[in-house]
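These numbers come from a predicted model, not from an experiment. Just so it is clear: chains get the letters A, B, ... in the order the sequence lines come, proteins before strands, and each one is counted from 1.
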There are 2 protein chains.
Amino acid sequence: MDVTGHTQGSGAPTQPPRRRAGVSIRDVARAAGVSYQTVSRVINESPSVAPHTRERVLAAVERLGFRRSATAHALAVGQVRTVTVLTGNTTLYGYASTLRGIEQAARATGYAVGIRVLEGESPSDVRAAVQHATDAGGGVLVIAYDRAGQAVWEALPEGLPAAAAVEAPAEVADGGARPRVWIDDRAAAAEATRYLLALGHRTVHHVAIPASVRGGSSPRALGWSQALREAGAVVPGPAGEGWDATDGHRAGRELARDPAVTAVLCGNDDLALGVVRAMHEAGRSVPASVSVMGFDDAPHAAFLTPALSTVRLDFAQLGRACFHGLLTQLAPDAPSEEAPPLTATLVRRESTAPPPP
Amino acid sequence: MDVTGHTQGSGAPTQPPRRRAGVSIRDVARAAGVSYQTVSRVINESPSVAPHTRERVLAAVERLGFRRSATAHALAVGQVRTVTVLTGNTTLYGYASTLRGIEQAARATGYAVGIRVLEGESPSDVRAAVQHATDAGGGVLVIAYDRAGQAVWEALPEGLPAAAAVEAPAEVADGGARPRVWIDDRAAAAEATRYLLALGHRTVHHVAIPASVRGGSSPRALGWSQALREAGAVVPGPAGEGWDATDGHRAGRELARDPAVTAVLCGNDDLALGVVRAMHEAGRSVPASVSVMGFDDAPHAAFLTPALSTVRLDFAQLGRACFHGLLTQLAPDAPSEEAPPLTATLVRRESTAPPPP
DNA sequence: CTGAAAGCGCTTACAG
DNA sequence: CTGAAAGCGCTTACAG
């Protein structure tokens, strides 16, 4: 079947208006019988305007449907109420949820949000992204869960208001000039690993998400190996890495071959989905023969069969916190939100169980 | 387990620069020994500039690191190279993919993209969204897959350059003033229904996504019932509706009770996920006892067990087409893309089979 | 409390 | 080919 779609309209292209049809501050002034400066005062809620005058102006504003030009305002004050988010991805669960949190917080605060996805991590890609963000004029938010994000975060020019959602704090303190927010993935992964160990598994294998620093390991992988070491269990070699179910499936195929593998902790739920599928194809049942655990608690995790045990992360909250980190720079006197703690919660469902006898 | 997260930085809030630190057109002019108008010509690639002059200016631009202020430019020309997308959701597969397509196309064309999610469909919500979009200054793109989207699409003021990705063309021709793009969901759903019927099912049940028009049916539901009618099969009553797995699960629980139900076509893959899960819980195996089919072919569909039969829709392409529909209004002389056809493809996997004997 | 002036950084006719 | 002037729509001191 191949059903084709459609495009309609644009028959008579609406004339691209050279000038905004809008009514300006001067039109309002004329209508209200005052100078346009007074109009400016009124719309900026200056206290020094006679009540009577204010009302006349407001009435004119209403009647004429005046809307202040955001760009003229921005040019005059030298700042725009905009944040632009730089991210390597918009559809993976963690990224999409963080973005959602940012957008929510921004909207609630009256900020517009721009979005730009990163093409890669090459110097020219990074330069283009930084330039775009700078051009936009407002603050910058980077979702730095991967190398591309990390690269632009580091390349941001000094003085540019910015904040980031990161995988983990940099190993080396970087002066802490700019706000960064994160969830303690590492501790969460260690906890998940301990949970699996407590179930009776001799060790736990790990399919990782790529690290955001070249040559490093993801904090989740770090927490996993650390927990293993602390428990005196052997730390298996890497079992593949990636972001999506296809990557998980590939890793799972390898893992399925080794009967010694009885538990695998995945760097995210999509990876886990692929691993579970591979196990199924190899005739190894989950959790009877192998336990598989995810990370993130994406919306579908609870509905899989077996329902996926995982670690729930509140990315939307992380996104909101990130926005507020930026807001303190953009508007130092804005009421700063009391940030709720960013928590990670172990969710036990059906995909994990004691190892086969 | 409750691992808390962190916020760091912002110790010494970088002084919010009242004025852009940047170098202006006049700085460049001074450095190059020309008037600033000439600089303007050079950066706008005006043909009437002496080669020698151009080079001097370009050198100064380079040396000083000049970047033209987007907002000043916008104010002067009365237009910004920005599109803002209005959408009711950013995380559901269809929406997120459409958004991705839009962003890609916009980035490739040098347009910035703003995003604003719709709070609801009440008059005040609609007004706020429209106002925001208007304020932004550029063109508007609405993802009108739901009622909120449809409502703002209809509320857009005349003269505002806009385009939409819709579920289906309006029943009534609306003059076709503005470009709209869509995939023929209805035909695709009919095809899927016929496929199920051809497998031997006496009829097919349907768990729908909400219609984008009040009191109407989604095109997918329309295609389904039409195919049933044409085949002379009975058209079952509604089996619930919604967007996500939770909704699908609820509908699936009802459906599972009725032994006459042997095939269910879902309005999207998340719904199907929930239905499959409900069937599993009720002890009805898929596809031996019931066939269930999704819609969209989201990334996880292929990795479920059983792998989900579905209809693949190219939302990213739809998003790109939508952007180009807007572009023809924003920049009438831009090279208009040859739009590849928007196709829907039936994907047969493991969740569908002939009915039990 | 309110007006007149200057400026934000750029573009667009208009002269020359 | 290049400069001087005016303007985009608003804000910000400065007078009064």
Inset, instruction - Report yes or no: does Asn44(B) contribute a side-chain atom to a donor-acceptor pair with the main-chain N or O of Arg41(B) at less than 3.5 Å? - result: no

Inset, instruction - Would you tell me if any nitrogen or oxygen in the side chain of Ser40(A) comes within less than 4.0 Å of OP1 or OP2 on dC10(D)? - result: no

Inset, instruction - Before accepting this row, confirm whether a basic side-chain N of the pair Arg107(A)/Glu119(B) lies closer than 4.0 Å to the acidic partner's carboxylate O. - result: yes

Legend entry - Residue-phosphate contact under 4.0 Å: His73(B) side-chain N/O, dG9(C) OP1/OP2: no

Legend entry - Any Thr38(A) side-chain nitrogen or oxygen under 4.0 Å from OP1 or OP2 of dG3(C): yes

Legend entry - Tyr95(A) and Asp146(A) side chains, donor-acceptor separation under 3.5 Å: yes

Inset, instruction - Could you tell me the separation between the CG atom of Asn44(B) and the P atom of dT2(D), rounded to a whole number of Å? - result: 15 Å

Inset, instruction - Using atom CZ of Arg56(B) as one end and atom P of dC1(D) as the other, report the distance to the nearest whole Å. - result: 15 Å

Legend entry - Side-chain heavy atoms of Ser212(B) within contact of Val166(B), under 4.5 Å: no

Legend entry - Closest-nucleotide ordering on DNA chain D, the 5'-leading residue of Ser46(B) and Ala72(B): Ser46(B)

Inset, instruction - Please state how far atom CG in Leu75(B) lies from atom P in dC10(D), giving the value in whole angstrom units. - result: 9 Å

Legend entry - Nucleotide of dG9(D), dG3(C), dT11(D) approaching Val34(A) most closely (side-chain heavy atoms): dG3(C)

Legend entry - Pairs involving residues 43-61 of chain B, ordered by first then second residue, that meet salt bridge (Lys or Arg N to Asp or Glu O under 4.0 Å) (sequence neighbours left out): none

Legend entry - Between dT11(D) (P) and Ile25(A) (CD1): distance, integer Å: 5 Å

Legend entry - Pair Arg320(A), Gln317(A): side-chain N/O donor-acceptor within cut-off below 3.5 Å: yes

Legend entry - Euclidean distance, atom CZ of residue Arg26(B) to atom P of dT2(D) [Å, nearest integer]: 19 Å

Legend entry - Polar side-chain atom of Arg127(B) near backbone of Ser122(B) as donor-acceptor pair, under 3.5 Å: no

Contacts under 3.5 Å, N or O only, protein and nucleotides 4-6 of chain C:
unit_1	atom_1	unit_2	atom_2	d
dA4(C)	N7	Gln37(A)	NE2	2.4
dA5(C)	N6	Gln37(A)	NE2	3.1

Inset, instruction - Answer yes or no: does a side-chain N or O of Arg54(B) lie under 4.0 Å from OP1 or OP2 of dC1(D)? - result: no

Inset, instruction - Check whether any side-chain nitrogen or oxygen of Thr53(A) sits under 4.0 Å from OP1 or OP2 of dT2(C), and answer yes or no. - result: yes

Inset, instruction - Provide the closest heavy-atom pair for Ala148(B) versus Gly120(B) in the form atom of the first, atom of the second, distance. - result: CB-O, 3.6 Å

Legend entry - DNA chain D stem ranges, 3 or more consecutive Watson-Crick or G-U pairs under 3.5 angstrom: C:1-3 with D:14-16, C:5-12 with D:5-12, C:14-16 with D:1-3

Inset, instruction - Indicate the ring-plane relationship of Phe315(A) and Tyr145(A), choosing parallel, tilted or perpendicular according to the 30° and 60° boundaries. - result: tilted

